Amino acid sequence: MPVYKAKVRETVEFHVTNLGEQIHSFHLHGNKMISSTSERGSTITSQTFPLVQGTLESFIVKPDKPAIWLFHCHVVGHADAGMIGLFIVE
Ligand SMILES: [Cu+2]
């Protein structure tokens with residue numbers, strides 16, 4: 001699975017593209033994500049963002065707690081199929 005590392009208070013930007021034929025969602029535990037995709041503005045915060053087919057989404061995260069956090073697709077069964085990873089904050 002993919003593993004990304006960051007330090008507390010470091011600014012991290014995730015760029016995620018849905019290359020499939022169905023909707024997915026990007027969910028990160030324990031951290032607030034701020035959408036940086038221009039169409040959606042920069043004020044939308046969430047722990048889950050929908051990923052529409054063929055679109056690129058970007059999220060900014062500024063972790064404030066050291067831990068090993070999971071991120072995964074929120075559609076039932078997709079994490080079990082491999083859409084899961086770790087975000088390690090030191
Ligand atoms: Cu999915």
Side-chain angles (χ1 to χ4, degrees):
M1 70 173 63
V3 177
Y4 302 107
K5 293 183 178 179
K7 298 191 181 324
V8 169
R9 289 183 293 280
E10 182 178 0
T11 299
V12 178
E13 188 163 13
F14 287 85
H15 301 274
V16 186
T17 304
N18 180 352
L19 299 175
E21 296 182 352
Q22 56 186 302
I23 290 176
H24 298 281
S25 61
F26 188 91
H27 176 73
L28 173 64
H29 290 202
N31 292 274
K32 190 183 297 180
M33 298 184 293
I34 302 169
S35 175
S36 55
T37 304
S38 59
E39 297 93 313
R40 301 180 69 170
S42 59
T43 58
I44 299 171
T45 61
S46 180
Q47 288 189 327
T48 305
F49 279 100
L51 298 173
V52 178
Q53 178 185 6
T55 60
L56 168 69
E57 289 286 349
S58 298
F59 318 108
I60 292 171
V61 179
K62 293 182 181 178
D64 58 4
K65 294 180 289 267
I68 300 173
W69 302 106
L70 276 175
F71 62 88
H72 58 88
C73 182
H74 232 224
V75 178
V76 173
H78 288 197
D80 291 341
M83 299 182 80
I84 189 168
L86 297 177
F87 180 50
I88 300 174
V89 179
E90 299 171 321

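One-based numbering, in listed order, for ligands and for the atoms of each. Every value quoted in this text rests on a predicted model; they were computed, and no experiment measured them.
A distance of 10.5 Å separates CD1 in Ile84 from SG in Cys73, rounded to the nearest 0.5 Å. The NZ atom of Lys7 sits 12.0 Å away from the CZ atom of Arg9 when rounded to the nearest 0.5 Å.
Both Val16 and Phe87 are part of a single hydrophobic cluster, where members link through side-chain heavy atoms under 4.5 Å apart.
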If you apply the rule side chain to side chain contact (heavy atoms under 4.5 Å, CB included), what do you find for Val3 with Ile88, and how did you get there? CA-CA 7 Å; Val3 177; Ile88 300 174; 3.6 Å; yes
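Under a cut-off of 6.0 angstrom, the local environment of CD1 in Ile23 is sparse, with at most 12 non-hydrogen atoms contributed by other residues, nucleotides or ligands.
Panel note: side chain His27, backbone Gln47; a donor-acceptor pair is recorded below 3.5 Å.
Atoms of the protein (N, O or S only) found under 2.8 Å from the Cu ion (ligand 1) are His24 ND1, Cys73 SG, His78 ND1.
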